[in-house]
Amino acid sequence: MDKRRDRVQPIRLSPDFFPLDIHKSMFINDRMITLPSYYVKTWGDEILNSHDKNNCGWEIDLKYESPKEMGKKIYSFKAKLTLFFAKNRNKESSYRLKWNSDFSEQLAKDYPKSFVRSLEFHIGDEYYKDLQYTEFDIGGFKEQLQVKIVWKSNQPTVAIKEFFRVREEEQNFPKVFKELSSYLIADYLLSSEDELLRRIQVTEWKKREEIAKEVNENNIYLLLNRENNEVYIGETKQSLAKRYPTKQEHHSFENWNEYAVIQLPPETSDATRLLIERVLIASASKLFKNTLYSEEAVWDMKLQNRKK
């Protein structure tokens with residue numbers, strides 16, 4: 001805060017960085033950007049003249065710094081810088097930076113408002129095209145990153161960090177945006193339809209008090225008491241928030257304090273979900289102490305399920 005003028009000083013573009021609007025292709029499908037030609041020209045002729053069809057692709061470690069509000073943590077992601085050759089396109093405008101889904105997921109967590117806007121534009125593609133809307137016509141804001149690429153011994157290094165981020169208190173629905181990102185929707189969207197049928201979404205271990213936030217339905221779930229080495233496996237068509245409402249005792253294993261959710265694909269039937277639960281219980285009963293079988297346990301964990 002600038003106390004002299006009672007206003008917040010704007011974030012300045014760091015030396016040798018260029019500004020980048022956060023847009024849909026950074027999250028969904030493409031996961032890439034095309035570098036601005038004016039920035040590429042700053043590399044100089046010596047570097048550009050060394051790039052040709054035999055020297056046009058570079059595997060890199062992308063260094064990413066999370067926003068100030070998120071702690072300015074440093075992450076490293078795998079990425080690739082390529083020079084492609086297209087007709088009627090000059091060399092300086094033909095460099096692309098492409099990354100994997102893990103970086104897209106991190107961006108979705110750190111810039112949830114941009115991600116939700118991108119998701120809206122992606123889902124409503126035909127509707128917004130008919131209106132002749134661009135992505136940035138939805139919401140009327142642009143969050144931005146800043147990017148720097150430096151060449152040393154024919155190898156680029158890439159750094160990406162915050163330039164402008166909508167503050168949480170200025171977001172219309174900050175908690176919704178945050179929860180959407182925590183469910184790895186970016187990862188879900190980046191999968192093909194066939195992949196979605198094969199893949200599942202698994203959360204980290206969460207505290208019991210957070211279960212009221214679990215609104216996704218069609219789940220396998222685990223309940224855990226880490227100190228007592230006790231675990232329970234369950235299934236539900238409902239959300240966990242409905243299955244385990246707070247301040248209500250309703251379970252033979254009441255002494256749990258952590259949980260994890262395995263969300264099944266939406267096409268999973270009730271019979272299939274129940275079968276998956278039974279397979280998991282049967283598998284766990286071969287490994288953990290339990291009342292279902294008399295065999296000796298492999299690991300010192302107690303399975304709290306009472307029925308197969």
Side-chain angles (χ1 to χ4, degrees), residues 9-112 114-115 118 135-136 142-166 181 184 186-187 189-190:
Q9 291 281 22
I11 297 174
R12 300 296 183 186
L13 188 66
S14 299
D16 302 321
F17 281 75
F18 68 86
L20 173 65
D21 294 342
I22 301 178
H23 54 80
K24 182 172 76 74
S25 293
M26 297 169 65
F27 300 112
I28 302 166
N29 299 333
D30 296 329
R31 303 193 303 273
M32 58 161 284
I33 60 171
T34 299
L35 304 186
S37 59
Y38 76 84
Y39 185 81
V40 171
K41 290 177 182 178
T42 65
W43 296 344
D45 291 339
E46 182 178 351
I47 291 175
L48 293 176
N49 290 340
S50 70
H51 297 167
D52 53 33
K53 291 187 177 181
N54 296 317
N55 182 30
C56 58
W58 302 269
E59 301 288 341
I60 59 174
D61 288 325
L62 186 157
K63 300 299 182 183
Y64 168 72
E65 180 183 287
S66 66
K68 183 178 180 180
E69 286 188 288
M70 311 301 287
K72 300 185 74 171
K73 296 179 181 178
I74 303 299
Y75 300 90
S76 181
F77 298 95
K78 296 297 181 183
K80 187 172 185 179
L81 180 65
T82 57
L83 167 62
F84 64 97
F85 300 88
K87 292 183 179 179
N88 302 319
R89 194 178 184 108
N90 61 41
K91 188 175 185 178
E92 291 82 358
S93 61
S94 300
Y95 287 83
R96 288 175 176 167
L97 179 63
K98 188 175 179 65
W99 50 79
N100 299 322
S101 60
D102 55 354
F103 181 47
S104 293
E105 291 167 11
Q106 187 63 50
L107 288 176
K109 293 176 184 178
D110 291 347
Y111 296 87
S114 286
F115 172 66
S118 299
E135 178 184 354
F136 296 108
K142 291 184 181 181
E143 291 184 301
Q144 292 180 305
L145 300 169
Q146 47 182 314
V147 183
K148 179 172 73 173
I149 300 177
V150 176
W151 290 87
K152 292 182 180 179
S153 303
N154 192 41
Q155 182 63 29
T157 61
V158 178
I160 299 180
K161 61 181 181 178
E162 173 189 15
F163 189 32
F164 168 70
R165 180 180 184 272
V166 175
S181 294
L184 304 182
D187 182 54
L189 283 173
L190 293 170

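Between the side chain of Gln144 and the backbone N or O of Phe164 there is no donor-acceptor pair closer than 3.5 Å. Looking only at distances, no side-chain donor or acceptor of Ser118 sits under 3.5 Å from a matching main-chain atom of Ser25.
Residues passing the salt bridge (Lys or Arg N to Asp or Glu O under 4.0 Å) test with Lys78, sequence neighbours excluded: Asp61.
Residues Ala79 and Leu97 approach most closely at CB-CD1, 4.3 Å, considering heavy atoms. Nearest heavy atom pair, residue Arg165 against residue Pro112, reads NH2-CD, 4.0 Å. The two residues Lys63 and Ser76 make their nearest non-hydrogen contact at NZ-OG, 3.4 Å. Lys109 approaches Met70 most closely through the heavy-atom pair O-CE, 4.2 Å. Heavy-atom minimum distance, Ala108 versus Phe27: N-CE2, 3.5 Å.
To the nearest 0.5 angstrom, Gln106 atom CD is 7.0 Å from Ser66 atom OG. With rounding to the nearest 0.5 angstrom, the CG atom of Asp16 is 6.0 Å from the OH atom of Tyr39. Here OG1 of Thr34 is found 10.5 Å from NZ of Lys98. Values are rounded to the nearest 0.5 Å. Rounding to the nearest 0.5 Å places CG of Leu48 at 10.0 Å from NZ of Lys41. Taking CG from Asp45 and OG from Ser50, the interatomic distance works out to 10.5 Å, rounded to the nearest 0.5 Å. Note: Tyr95 OH to Leu81 CG = 8.0 Å, rounded to the nearest 0.5 Å.
In this pair, Phe77 and Phe103 present their aromatic rings tilted. The plane angle is within the 30 to 60° band. In this pair, His51 and Trp58 present their aromatic rings tilted. The plane angle is within the 30 to 60° band.
Side-chain contact between Leu107 and Leu145 is present, with heavy atoms from C-beta onward closer than 4.5 Å. In this structure, Ile22 and Phe115 have side chains that are not in contact, with every pair of non-hydrogen atoms separated by 4.5 Å or more. In this structure, the side chains of Pro19 and Gln146 stay at 4.5 Å or more apart for every pair of heavy atoms. Ser114 places none of its side-chain heavy atoms less than 4.5 Å from the side chain of Met26. Between Glu69 and Asp110, the closest side-chain pair of non-hydrogen atoms is not below 4.5 Å. Using a 4.5 Å cut-off on side-chain heavy atoms (C-beta onward), Asp30 and Lys24 make no contact. Looking only at side-chain heavy atoms (C-beta outward), Phe18 and Thr42 stay at 4.5 Å or farther from each other. With a 4.5 Å cut-off on side-chain heavy atoms, Leu35 and Trp43 count as touching.
Within 6.0 Å of NZ on Lys80 lie no more than 12 heavy atoms contributed by other residues, nucleotides or ligands.
A cation-pi arrangement is present between Arg96 and Phe84 under the rule of less than 6.0 angstrom and at most 45 degrees off the ring axis.
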